[in-house]
Amino acid sequence: MKRTPLYDEHVRLGGKLVEFAGWEMPVQYSGVVTEHVNVRERVGLFDVSHMGEIWVSGPEAESALEYMTCNKVSALYDGKAHYNAILNPAGGVIDDIIIYRFSATLFLLCVNASNAERDYAWLTENNPTAALITNASAEYGQIAVQGPHAMDLLAPLVRDYDLLSLKSFHFVESELLGSKVIIARTGYTGEDGVEIFVKAESIPDLWRLLLEHGASYGVLPCGLGARDSLRLEAALPLHGHELSEDTPALESGLGWIVKFDKGDFIGRDALLKLKEQGLQRKLVGFYLDKPGIVRQGDLVQQAGAQVGVVTSGTKTPTVNKALGMAFVNVNLSAPNTELSFVVRGREIAGHVVPLPFYNRTRLIA
């Protein structure tokens with residue numbers, strides 16, 4: 001298994017290490033619930049160095065990305081980032097990514113850990129231009145600082161930029177505690193915070209210093225367990241669960257980033273045809289009405305007939321309900337629709353609810 005540059009730090013802190021997407025990663029330190037609540041109420045540090053970094057550069061970089069992704073890359077400007085996806089010709093999601101524009105000729109793609117090599121190969125093979133594509137994943141580490149006190153912790157430590165003025169989905173190149181970094185106001189928890197890109201050799205020192213400086217704000221190192229329950233409450237899709245190459249992006253709820261008006265892109269024709277025909281199934285959120293936990297792959301039924309399949313499910317600390325997301329027949333996707341979920345042969349009653357389950361200003365009860 002691969003290890004991130006922070007492996008020794010995880011061992012030193014007593015992190016429980018597990019295999020994830022080919023990486024040996026911490027699933028928890030002080031406990032999933034403790035870490036989840038700490039991110040909602042204070043601030044948490046995540047090692048996300050397993051994520052991949054791919055540079056696309058040259059005079060044709062923008063046009064290459066415009067064709068190979070579904071969101072409108074030409075709408076970006078220097079210092080702006082956006083959520084995007086790489087699709088196959090059938091409109092399935094090869095990966096969901098974030099694209100950062102440094103200049104008209106230089107873009108950084110942050111891609112999922114398990115897809116980094118696949119993404120790089122796909123982009124290289126389908127590049128219609130002379131743009132240069134470089135997989136720099138081994139050169140970088142990433143730390144996500146998430147929670148209502150994330151900016152309280154970081155802003156005083158960045159001397160050459162007013163970090164509080166950094167808007168959502170914008171980024172800046174700066175220096176943080178002696179390390180040259182890229183700081184992006186993005187995240188995967190539903191909380192305020194940033195994701196920090198730093199050279200791999202510098203990340204252990206930066207990790208230790210952030211824990212030290214963050215002590216007064218109650219910072220905790222957090223693992224993959226809390227990252228998953230936090231993203232599920234915020235209804236953020238996860239590749240391999242809500243997103244896959246076999247599921248069209250429109251069914252996965254990514255219609256808001258599919259820009260049909262920008263011109264040709266891989267997957268456009270298939271998605272346009274699907275849009276014109278109408279969706280047959282849709283991703284929804286649900287609560288269970290009886291005790292139990294449903295997991296990915298559990299069947300969804302109504303009146304004894306299968307009507308869908310669960311993509312993610314658990315009981316989360318902040319919402320404090322057994323919840324999840326599932327693909328269901330589109331005529332059963334309205335809020336309050338009654339469904340049942342089959343867990344090891346037992347049916348558990350539940351109902352459809354609006355997404356997300358949680359955001360910073362609204363908790364759906």
Side-chain angles (χ1 to χ4, degrees), residues 2-10 13 15 17 20-27 29 35 39 43-55 81-84 95-100 102 107-117 119-120 134-147 150-151 153-154 157-158 163 166 168-189 191-211 214 219-224 226-228 230-231 236 238-239:
K2 298 179 183 177
R3 292 173 174 173
T4 77
L6 289 175
Y7 174 80
D8 289 342
E9 299 302 312
H10 301 321
L13 292 167
L17 297 164
F20 175 78
W23 293 78
E24 192 170 9
M25 298 292 293
V27 67
Y29 301 85
E35 293 162 22
V39 172
V43 58
L45 243 59
F46 297 84
D47 175 17
V48 287
S49 300
H50 56 312
M51 303 290 281
E53 292 83 9
I54 296 174
W55 290 99
H82 74 188
Y83 184 65
N84 204 328
D95 202 8
D96 61 325
I97 63 177
I98 295 179
I99 296 182
Y100 305 82
F102 288 74
F107 296 81
L108 175 64
L109 278 56
C110 180
V111 306
N112 281 298
S114 58
N115 296 333
E117 293 181 4
D119 291 351
Y120 174 66
T134 307
N135 187 355
S137 300
E139 299 175 19
Y140 288 91
Q142 285 190 48
I143 298 172
V145 186
Q146 300 284 295
M151 303 308 277
L153 162 59
L154 291 169
L157 304 177
V158 177
L163 200 61
L166 189 65
S168 176
F169 274 85
H170 287 67
F171 67 95
V172 62
E173 294 178 273
S174 186
E175 183 172 315
L176 175 63
L177 295 168
S179 297
K180 291 184 177 180
V181 295
I182 302 164
I183 304 177
R185 201 154 188 176
T186 53
Y188 195 54
T189 63
E191 292 301 327
D192 191 12
V194 302
E195 292 170 306
I196 303 168
F197 298 79
V198 60
K199 288 290 187 179
E201 61 269 21
S202 300
I203 196 170
D205 285 343
L206 182 58
W207 174 267
R208 286 192 292 269
L209 287 168
L210 287 174
L211 286 176
V219 69
L220 285 179
C222 302
L224 294 174
R227 185 171 167 82
D228 191 55
L230 289 159
R231 74 93 192 168
L236 298 171
L238 178 62
H239 199 273

Ring geometry between Phe102 and Phe171 (parallel below 30°, tilted from 30 to 60°, perpendicular above 60°): tilted
Asn135/Ser137 under side chain to side chain donor-acceptor pair (under 3.5 Å): CA gap, chis, key distance, verdict: CA-CA 6 Å; Asn135 187 355; Ser137 300; 2.7 Å; yes
From Leu238 atom CG to Arg231 atom CZ, the distance as rounded to the nearest 0.5 Å: 4.5 Å
Atom of Ser49, atom of Thr4 and distance for their closest heavy-atom approach: CB-CB, 3.7 Å
For the student: nearest non-hydrogen atoms of Ile98 and Ala81, plus distance: CG2-CB, 4.0 Å
Nearest heavy-atom neighbours spanning Val198 and Ser179: CG2-CB, 4.0 Å
From CZ (Phe20) to OG (Ser114), nearest 0.5 Å: 6.5 Å
Parallel, tilted or perpendicular: rings of Trp55 and Tyr140 (30°, 60°): tilted
Atom CD of Glu117 with >12 non-hydrogen neighbours under 6.0 angstrom: no
With Val39, the side-chain contact (heavy atoms from CB on, under 4.5 Å) member among Thr189, Val219, Leu45: Thr189
Spacing of Tyr7 atom OH and Glu24 atom CD [to the nearest 0.5 Å]: 4.5 Å
Matching residue for Leu209 among Leu157, Leu176, Leu177 - test: side-chain contact (heavy atoms from CB on, under 4.5 Å): Leu177
Contact check, side chains of Glu9 and Arg208, non-hydrogen atoms, under 4.5 Å: yes
Spacing of NE2 belonging to His170 relative to NE2 belonging to His82, to within rounding of 0.5 Å: 12.5 Å
Minimum-distance pair of heavy atoms, taken over all atoms of Asp47 and Met25: O-CE, 3.4 Å
Close side-chain approach of Leu210 and Ile196, heavy atoms under 4.5 Å: yes
Closest non-hydrogen atom pair between Gly187 and Glu195, with its separation: N-OE1, 3.6 Å
Check: Pro221 and Trp207 side chains under 4.5 Å, non-hydrogen atoms: yes
Whether Tyr29 and His10 hold their rings parallel, tilted or perpendicular, with breakpoints at 30° and 60°: tilted
Distance (rounded to the nearest 0.5 Å) between Asp95 CG and Cys110 SG: 9.0 Å
Any side-chain heavy-atom pair of Leu236 and Tyr83 under 4.5 Å: no
Reported CG-to-CZ distance for the pair Leu224 and Phe46, which is rounded to 0.5 angstrom: 9.0 Å
Any Tyr188 side-chain heavy atom under 4.5 Å of Leu230 side chain: no
Side chain proximity check, Arg185 to Leu163, heavy atoms < 4.5 angstrom: no
Side-chain heavy-atom pair Met51, Asn112 within 4.5 angstrom cut-off: yes
Side-chain touch Ile54/Val111, heavy atoms, less than 4.5 angstrom: yes
Least distance between heavy atoms, Ala226 atom then Glu35 atom: CB-CB, 3.8 Å
